Amino acid sequence: MNELMSSHADRVRGSASMLDFLSLLLSLVFLRETVPAGWREVEGAAKKGTGLEHMAGLLACIGCVADKELRRYGVPPGMQESLMRLEPRSYRDLVGVVRIAAKLPRGAFRLILDQYEDHAGLRSEEFFTPRGVVQLATELVLGTGQEVASIYDPYMRGGEMLVAAAMRHGSDGLGTTLHGESPRRDTLRFAGMNIALHGSPAVLRSTRAMPWTSDGARSGFADVVLTNPPFNMSDTAGAGRRDGTWEFGAPPQGNDNLAWVQHVMNALKPAGRAIMVMPVKAGNSVNTAEREIRRNLIERGAIECVVALPPRLFSTTPVPVSLWCLRRIETPRPEVLLVDARHLGTGRGRRNVVGNDGLGAVLEVVRPWLLGAAPGSAADGEPGPHTTVVPREAFAESGYSLSPMDHVPGARPDGPPAREELIQTHGVAARLGDLVHSADADVADLAWDRLMGARGVTDPLPPGWTEVRLAELCEIQPGPSYTRLGKGDRSPSGEVPVVFPRQLEEGRILLLEEEKVSREKAQELVNFRLAGGDILCVRTGELRPPVLVGAEQSGWLLSTNLVRLRVRENAGVEPGYLVDHLSLPHSMQWMRDRAEATAAPSLNRDALGHLPVRFPSVTEQREIVRVSTLLRRQAMLHREYADSLVRARAELLRHLMLGSSTG
């Protein structure tokens, strides 16, 4: 999938946008899974063509068939127009994408959206809602047992909320209609295809105006609203709030967060419920108009519960978010449930996800509350969210903040440290200081004058040195294709770890628990296993310095976007020397210059094999590696020592300024 969204994308889209290439992929998946006759027509057109003169015809065929099907679902067409902007390098490249689409697993539609989000620098109004957030919102609002005839999302994105609602309702959802709106026609088409894949009846609209204006507003028609509106944005900077039904107060001109909340409340039937993804800022801003709106929402019973979610859920924005549970009801409960679930995320690379454990823990606590009972509790021995029940009149003390962190006991991250914690932090810093002194002494013992005098780039090579191409020294093995090692093959329950580019960090290979495959799958991919002394290089995406595989990683697998270098016997070069040579700025720049694409670099086996490597005798190589290792250890310890001093300083200041707990 990564290759499809990087190297294949660049070969097929030309000067067109990634959205146009995304339209091609999603159209192919959509037709293959929902329109067998249309898919056969596409495959037939692909087989008939042979060269450049047939590319436009194949693209027109795919777009025409997709648009025809979209019209049946009431979605404005436009796929053909989008596809005709593509500029494939060759007919073979275009047909290759069709063939790959034919082999993608079921459920590939959402995988493609995920990959697009990772590759494109999307803005708030463009990114898609993470799976765990969608699942949690859906389970909360549809798990209360109320009858549901209409489900509404006023800002559909890729249709993920409505799709999850349709899947959650299942056979019990007969007679339920999905309503969706989007100001963007491209993502409206994506959402239409996504919903059509699940066979659910839907009424979809393209709305140029904001939905709370006189042209877009609809009142009291939805039993359930599920939505993730744009964060911290405004449709009309500086314009007055003349349009809109502001039941709880006119929002400020510069931010639409609480305009979306009021639009959702206006759309609900009596007793209807809504779950909204909201930025934390919406719950605790000091803006006078927003504080007044929150006061009215709280006092009139519109807010049932707020759940603070883990940070870094979105790949494209660091904005922390919460789920707001809303209800239109005449006799609301006198309290609001506030939940701090920020610690229940699971790290995946640079992102967090709401996994099954976190999802279950939040549901155990919140669902009873939405059903009219006291909050539940997590299962024995399982970590649960922190909660508190706040009387509606008590919110005045916090400026009507709906941020759980301002109310939940234990949620403040800056409480006083225990004495034991302070002593332990200082002890770690002291031990690291001893190691730093030892490393400094080792480096100081190096014969710097001799080393500097014996080295230096010269041309021709110094006596006893050799220069050859990388392919003469190593076996170069790219990782398996995505079809052989896809996302569905990996899970935390697997037994054999898989290494991805993001795990190559500062000369080490990090372990990601969720990226493992079964032993049976690993046996199928035996040619892609790692051994101690192998070198891993990034071949697709952002190039990172190579890493030497240690004995503890022996038997692991390399992923699609990596390439394995295995030094040949009697090659005359040490793996440790070679990995340092490949990490030189000169070598890294050489690889970047020869990557196939600029936006998403892709380095093939042949190009990498031509990289020139110069090396001395094995004895001199080992001396160079020894010096390199000492300096790397010194740098690493200095960084860790500096970090420990920063932590110790922070703990000491907390102790001096807040006082210590006795533990």
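Worth saying up front: this structure is predicted, and the values here are computed from it rather than measured. Throughout, residue positions are numbered sequentially from 1 according to the sequence presented.
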With side chain to side chain contact (heavy atoms under 4.5 Å, CB included) as the test, would you mind laying out the steps for T227 and V277 before giving the verdict?
CA-CA 7 Å; T227 193; V277 181; over 6 Å; no

Other residues, nucleotides, ligands: >12 heavy atoms within 6.0 Å of R99 CZ
no

Option passing side chain to side chain contact (heavy atoms under 4.5 Å, CB included) with V549 (candidates I535, L565, L530, L558)
L530

Do any side-chain atoms of residues 77-87 form donor-acceptor pairs under 3.5 angstrom with protein atoms, and if so which ones, sequence neighbours left out?
| from | atom 1 | to | atom 2 | distance (Å) |
| --- | --- | --- | --- | --- |
| S82 | OG | D20 | OD1 | 2.6 |
| S82 | OG | S23 | OG | 3.3 |
| R85 | NE | D20 | OD1 | 3.4 |
| R85 | NE | D20 | OD2 | 3.2 |
| R85 | NH2 | D20 | OD1 | 2.9 |
| E87 | OE1 | S15 | N | 3.3 |
| E87 | OE1 | S15 | OG | 3.0 |
| E87 | OE2 | S15 | OG | 3.0 |

Out of curiosity, R566 CZ to D534 CG, how far, rounded to the nearest 0.5 Å?
4.0 Å

Are the side chain of D223 and the backbone N or O of S150 linked by a donor-acceptor pair below 3.5 Å?
yes

E69 and R72 ion-paired at < 4.0 Å:
yes

Donor-acceptor pair, side chain of S587 and main chain of H581, under 3.5 angstrom:
yes

Assess whether atom CZ of R469 is packed by more than 12 heavy atoms of other residues, nucleotides or ligands within 6.0 Å.
yes

Pair L70, R189 - check side chain to side chain contact (heavy atoms under 4.5 Å, CB included), show working.
CA-CA 8 Å; L70 285 174; R189 289 191 287 269; 4.0 Å; yes

Salt-bridge test for R519 and E524: reply yes if a basic N is under 4.0 Å from a carboxylate O, no otherwise.
no

E33: which residues meet the side-chain contact (heavy atoms from CB on, under 4.5 Å) condition with it, sequence neighbours left out?
V29, R106, L197

Contacts of Q523 that satisfy side chain to side chain donor-acceptor pair (under 3.5 Å) - sequence neighbours left out
none

Are F500 and N561 close enough, and set up right, to give a side chain to side chain contact (heavy atoms under 4.5 Å, CB included), and what steps lead you there?
CA-CA 7 Å; F500 289 82; N561 292 346; 5.9 Å; no

